[in-house]
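Below, chains carry the letters A, B, ... as their sequence lines are ordered, and counting in each starts from 1. Atom set for the values below is all heavy atoms of this structure, side chains included, hydrogens, waters and symmetry mates excluded.
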Amino acid sequence: MNAGTFVAACVMNIVAYPAIIAWTLAGILFFPFGFPLWKVLTGWEGDRIMRHFVWIYGRGWLGIMLPFVRFRREGFTNSRIDSPSILVINHLSFFDTYCMALLPVSNIAFTIRSWPFKMPWYAPFMRLANYLDLEAIGWEGTFKAGSRILSKDGSLLFFPEGHRSKDGQIQRFYSGPFKLAIETGAPIVPLCITGTDRLLPPNRWWFLPSKVCLRALAPVSPKEFTGETAHVDLRKHVKNLMTKNLEEMRSKG
Amino acid sequence: MNDQEIIDLINTTLADEFELNIDDMVPGAVLKDDLGLDSLDRVDMVIVLEKAFNFKIREEEAIREIYTLSDIHNFVINKKRELQ
């Protein structure tokens with residue numbers, strides 16, 4: 001790390017962490033007033049409102065990081081994230097979920113493992129947003145709850161690798177989201193993210209300035225895949241698309 | 001097909017299907033903890049084994065007792081013998 005990057009990283013960590021804590025506290029304090037007000041104004045259901053609030057919170061996080069992180073979006077138009085869809089994304093960092101505020105839509109329920117539900121400052125809001133705790137409810141529960149969310153015009157987001165990649169390379173994909181797509185007919189929207197592994201990879205707690213790119217690929221219809229291994233074929237096809245795009249994105253820097 | 005050929009075919013088939021590292025395919029590997037195969041993968045595993053060995057095993061009770069890779073090896077070897 002050169003001297004310039006070191007100084008920038010120091011400033012980033014001194015500024016960004018307190019700002020994120022302050023923004024989180026502001027969100028918690030705003031919630032008791034904002035939630036009922038939003039409900040009266042929009043008539044939305046509670047989970048829909050909460051997902052929108054999470055998206056706004058994420059937009060605030062993007063604003064805090066903006067002096068230190070160059071965010072870029074590729075391949076996005078509103079029509080490419082047709083709701084309801086099943087979004088799948090590679091996983092590099094704890095802050096990948098925050099980067100979902102780069103998406104042009106907010107009605108997305110995250111399907112994640114149990115440990116984020118153990119953060120008391122986030123857990124009540126995650127439950128209100130009907131985020132799915134994969135480890136607690138299993139695939140059968142995820143399919144039931146996921147189908148319900150899709151039927152109410154919500155989208156679902158999965159990290160098909162299950163864990164953050166420790167070396168930045170795409171890992172093995174689990175079949176769950178692809179089986180759900182086959183069962184419900186909802187399109188898969190592959191998302192590729194780069195740069196968050198430099199921002200905050202697993203096993204490091206301090207930020208580094210970085211360039212983050214989020215690319216949306218064209219939706220993949222599950223109807224093109226048939227037979228008892230349709231979900232496996234769909235999984236392999238989507239992973240192949242994502243691997244190629246990630247290689248290209250990394251080569252461009 | 002001898003026992004070793006059956007074991008090799010099982011290992012390469014599962015490694016290919018579930019993107020596993022062939023070096024991790026040791027007999028004592030626990031499917032869930034060591035190879036990371038979840039409940040859906042176990043269903044898919046039965047399908048790929050049926051295709052690879054051209055038999056039907058999805059209704060068999062013994063499938064539910066499989067926990068390690070060597071359990072699969074033994075199950076398939078016994079099933080092949082049974083069918084001969």
State the [atom1]-[atom2] distance between [X] and [Y], to the nearest 0.5 angstrom.
X	Y	atom1	atom2	answer
B:Asp44	A:Ser175	CG	OG	5.0 Å
B:Leu40	A:Glu140	CG	CD	10.0 Å
B:Glu17	A:Thr229	CD	OG1	7.5 Å

Above 12 or not: heavy atoms from other molecules or residues under 6.0 Å from [atom1] of [X]?
X	atom1	value
A:Glu45	CD	no
A:Trp205	CH2	no
B:Glu59	CD	no
B:Asn21	CG	yes

Problem set entry | Side chain to side chain, A:Lys239 and B:Glu19, heavy atoms closer than 4.5 Å |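 A side-chain contact exists here, since the closest heavy-atom pair is under 4.5 Å.
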For this session: Could you walk me through whether B:Arg58 and A:Glu228 pass the salt bridge (Lys or Arg N to Asp or Glu O under 4.0 Å) test, one step at a time?
Result: CA-CA 13 Å; B:Arg58 64 188 70 185; A:Glu228 65 182 354; 3.1 Å; yes
Problem set entry | Interchain contact, A:Phe178 with chain B, by part (heavy-atom threshold 4.5 Å) |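 Nothing of A:Phe178, per the 4.5 Å heavy-atom cut-off to chain B.
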Problem set entry | A:Arg172 side-chain N/O to B:Phe18 backbone N/O, donor-acceptor pair under 3.5 Å |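 A pair under 3.5 Å: yes.
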